[in-house]
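Here is the structure we will look at.
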Amino acid sequence: MKVIIIGGVAGGATAAARLRRLDETAEIVVFERSGYVSYANCGLPYYIGGVIEDPAALTLQTPESFFARFRVDMRVRHEVTAIHPNQKTVSGKNLETGEDFEEPYDKLILSPGAKPAQPQLPGVGLEKLFTLRTVEDTFLIKDYIHTRRPRSAVLAGGGFIGLELAENLRELGMEVTIVQRPRQLMNPFDSDMASFIHSEVRRHGIRLALGRTVEGFVEKDGGVDVLLKDAAPLHADMVVLAIGVTPDTALAKEAGLELGLKGSIVVNERMETSVPDIYAVGDAVQVKHFVTGENAVISLAGPANKQGRIAADNICGGDSQYFGSQGSSIIKIFDLTAAATGINEMNAIKAGLDVDTVILSPMNHAGYYPGGKLMTIKVVFERQTFRLLGAQIVGYAGVDKRIDVLATAIHAGLTAIQLKELDLAYAPPYSSAKDPVNMAGFMAENLSKGVVKQFHIADISGLPCDGSVTLLDARTAAEYAGGHIEGFRNIPVDELRDRLDEVEQGKPVYVICQSGLRSYIACRILAGYGYETYNFAGGFRFYDAVTRERRLIESATACGMDQ
């Protein structure tokens, strides 16, 4: 059996290694257009910033090391230009010699990946305009920074690659501005949770131009002007386009394979395409979203590796299946860690789901143990069934542990309520006896049993000001004096029982505190005396962070300024 794989990196290289482990006699040939068959794509920004110093560390395997261990024929700098399904051959060109080649196959795996989105804008192609996707792109940017010593950069795009590169360029001492058409960074996050990301980015001196549309690029004064719609141009010494990626599927289209979303390759759960004996894996394929069941294109290394393994299993006579991508992801943003899994609240609503959320701000470990750091957790679930849909966490320590627990819970089909039952490891340096994930479960259980009712940040502006409801802030007097929501009167929770005469009977009471815990206690006290109560989800800390950010964006957008 002869298997040809087009494209290496995550999916293709994984498939090649798995094929050899399952079949010692198969002939396996990998054609890779770039000069690197298996490299750490996610590490590229950190090489530019000098965190990873040795360029060889980016290369996970070389053609020589791959052949030595797996006897796989890795042919780098070979570009496949056509697939001939009827003849079961591929043809292409050796990019180093210019020689044409044609190779037969019994089975074919496509792992072409994705390519940086290239908008059709004036000025695209300028010397000082870069994209970052391959090792070659990385070396080009690194060399430009080393030789030209640019002092400023504009990054078009605020996703994973944009933020990671922004951090690394800033650590090199450059002035950095991120331009993003949506009015937030990091689309996997809801806008409220993105507020914490924005704050951290700005705290480290990065300017944001959110809600801005790039219209073109012009060389000027030794640098580049980034032209914006309805705003003054941004000038920088260099520009990096990081506005996303699109499936690289021209070969598949020309070969007659069925295509789906964004031109991605349609595959079944066995990673088989619409053409017999051709499989496809990685960033180029259309998958099912594990939570919604809808078609999706999710460009992440984890799914690509799994898909490569599954394709190899099935080529060797197995029956492995891919059940969908959940979109679990995590990113370091200076001192902050932000992570998400499943779908966010906004996308859940777009999918027609009736959803609710719990928001909490726990410490990463026991409060009495030194060095604790706050994190903010948002868990999204179906209102009636409490089926887990997604989670987002932003914090400084312990974020990775909690997001992985929540990702596992979603995959296992647990409800938000069942989070309370998880038996999680505890010691004071690592967690609390009631882990933050357990706490989210307790909160969901309280909602399910009617022990507490919630109101959210979107409800604040709609609260009546005619005296028909009572608005209560349960924090201390000092906290209240340091900032509060207009219309909320202050009765500290520890004084509430003695001051019940100040809370009028017969009116709903909306209660807020710093994090949601004391206001919950206040709600239970009031409920014990017959009051109808509502607890604010997230607390004043959450409200203040989100509203400050929204005011800043709105003000800057109205004035045509950076944020």
Can you find a pair of side-chain heavy atoms, one from P182 and one from N187, that are under 4.5 Å apart? yes
Which is it for H198 and Q184 under the side chain to side chain contact (heavy atoms under 4.5 Å, CB included) test, yes or no, and what are the steps along the way? CA-CA 8 Å; H198 296 174; Q184 71 167 81; 3.9 Å; yes
Rounded to the nearest 0.5 Å, how far apart are NZ of K350 and CG of N344? 8.5 Å
Test side chain to side chain contact (heavy atoms under 4.5 Å, CB included), reference K107, set I315, I278, N314, output is I315
Do L110 and L251 have side-chain heavy atoms sitting under 4.5 Å apart? no
Contacts under 3.5 angstrom, residues 4-20 side chains, donor-acceptor by atom type, not counting sequence neighbours:
| unit_1 | atom_1 | unit_2 | atom_2 | d |
| --- | --- | --- | --- | --- |
| T14 | OG1 | A10 | O | 2.8 |
| T14 | OG1 | N305 | OD1 | 2.5 |
| R18 | NE | D313 | OD1 | 2.6 |
| R18 | NH2 | D313 | OD1 | 3.0 |
| R20 | NE | F70 | O | 2.6 |
| R20 | NH1 | D23 | O | 2.7 |
| R20 | NH1 | E24 | O | 3.2 |
| R20 | NH1 | A26 | O | 2.9 |
| R20 | NH2 | A26 | O | 2.8 |
| R20 | NH2 | R71 | O | 3.0 |

Stepwise side chain to side chain contact (heavy atoms under 4.5 Å, CB included) test for Y279 and V267: CA-CA 8 Å; Y279 297 72; V267 293; over 6 Å; no
When you compare the side chain of Q307 with that of V287, does any pair of heavy atoms fall below 4.5 Å? yes
Set of residues satisfying ring pair (Phe, Tyr, Trp, His ring centres under 6.0 Å) with respect to H84, sequence neighbours excluded: none
With sequence neighbours excluded, residues passing side-chain contact (heavy atoms from CB on, under 4.5 Å) with H411: F290, Q326
Before giving the answer on salt bridge (Lys or Arg N to Asp or Glu O under 4.0 Å), spell out for K373 and D335 the whole-Å C-alpha distance, their side-chain angles and the decisive distance to 0.1 Å. CA-CA 11 Å; K373 300 285 188 180; D335 300 322; over 6 Å; no
Evaluate side chain to side chain contact (heavy atoms under 4.5 Å, CB included) for V30 paired with V72, printing each intermediate quantity in order. CA-CA 7 Å; V30 178; V72 169; 3.9 Å; yes
Does E200 form a salt bridge (Lys or Arg N to Asp or Glu O under 4.0 Å) with R203? I'd like the steps, not just the answer. CA-CA 5 Å; E200 180 73 3; R203 188 170 72 86; 3.0 Å; yes
Side chain to side chain donor-acceptor pair (under 3.5 Å) filter on D190, not counting sequence neighbours, yields K378, Q392
Expected output: side-chain Q286 to main-chain L261 donor-acceptor under 3.5 Å: yes
If I compare all heavy atoms of T81 with all of G92, which pair ends up nearest, and what's the gap? OG1-CA, 3.4 Å
May I ask you to test the F67-T62 pair for a side-chain heavy-atom distance under 4.5 Å? no
Can you name the nearest heavy-atom pair linking V297 to S264, along with the distance? CG2-OG, 3.6 Å
Tell me whether T273 contacts the main-chain N or O of A280 through its side chain, where contact means a donor paired with an acceptor under 3.5 Å. no
Going by salt bridge (Lys or Arg N to Asp or Glu O under 4.0 Å), name the residues that satisfy it together with E102, two or more places apart in sequence or in a different chain. none
Sequence-distant partners of Y47, ring pair (Phe, Tyr, Trp, His ring centres under 6.0 Å), two or more places apart: F139
Quick check: closest heavy atoms across T89 and P104, and the distance to 0.1 Å? CG2-CA, 3.9 Å
Taking the side chain from E136 and the backbone from L140, do they hold a donor-acceptor pair closer than 3.5 Å? no
Going by ring pair (Phe, Tyr, Trp, His ring centres under 6.0 Å), name the residues that satisfy it together with Y105, two or more places apart in sequence or in a different chain. none
Within a strict 4.5 Å, meaning less than it, do heavy atoms of the F31 and R75 side chains meet? yes
Look only at the side chain of D237 and the backbone of R151, and say whether a donor-acceptor pair between them is shorter than 3.5 Å. yes
Should V380 and I343 count as side-chain neighbours, where that means a heavy-atom distance under 4.5 Å? no
Would you say the side chain of V394 lies within less than 4.5 Å of the side chain of V399, judging by non-hydrogen atoms? no
Can you name the salt bridge (Lys or Arg N to Asp or Glu O under 4.0 Å) partners of D100, sequence neighbours left out? K93
Between OH on residue Y36 and CZ on residue R77, distance to nearest 0.5 Å: 10.0 Å
Got a sec, which residues hit ring pair (Phe, Tyr, Trp, His ring centres under 6.0 Å) with F323, two or more places apart in sequence or on another chain? none
Rounded distance [0.5 Å steps], CZ in F189 versus CD1 in I393: 9.0 Å
Rounded to the nearest 0.5 Å, how far apart are CG of L210 and CD of E549? 7.0 Å
Could you list the donor-acceptor pairs under 3.5 angstrom formed by side chains in residues 252-260, with sequence neighbours left out?
none

For E127, what residues pass the salt bridge (Lys or Arg N to Asp or Glu O under 4.0 Å) criterion, not counting sequence neighbours? R148
Give a yes or no on this: more than 12 heavy atoms of other residues, nucleotides or ligands lie within 6.0 Å of atom CZ of R550. yes
Looking at E269 and K288, is there a salt bridge between them, counting it only when a charged N and a carboxylate O are closer than 4.0 Å? no
Which pair of non-hydrogen atoms, one from L234 and one from A209, has the smallest distance, and what is that distance? CD1-CB, 4.4 Å
Is it the case that atom NZ in K88 sees more than 12 heavy atoms from other parts of the structure closer than 6.0 Å? yes
Could you check whether T134 and D137, counting side-chain N and O atoms only, form a donor-acceptor pair closer than 3.5 Å? yes
Does atom OH of Y144 have more than 12 heavy-atom neighbours from other groups under 6.0 Å away? yes
Under the 3.5 angstrom rule, does the side chain of S199 hit a backbone N or O of S195 as a donor-acceptor pair? no
Determine yes or no for a side-chain-to-main-chain donor-acceptor pair under 3.5 angstrom, with R202 supplying the side chain and I206 the backbone. no
Side-chain donor/acceptor of N94 to backbone N/O of E96, under 3.5 Å: yes
For the CD atom on E27, are there more than 12 heavy atoms of other groups (residues, nucleotides or ligands in this structure) within a distance under 6.0 Å? no
Donor-acceptor check, side chain of E167 to backbone of F334, threshold 3.5 angstrom: yes or no? yes
Using a strict 4.0 Å threshold on nitrogen-to-oxygen distance, state whether D248 and R33 make a salt bridge. yes
Would you say CZ of R21 has more than 12 non-hydrogen atoms from neighbouring residues, nucleotides or ligands within 6.0 angstrom? yes
Between V245 and S299, the two heavy atoms sitting closest are CG2-OG, 3.9 Å
Okay, side chain of R207, backbone of E175: is any donor-acceptor separation there less than 3.5 Å? no
Hey, are the side chains of L132 and I48 touching, using non-hydrogen atoms and a 4.5 Å cut-off? yes
K401: partners by salt bridge (Lys or Arg N to Asp or Glu O under 4.0 Å), with sequence neighbours left out: none
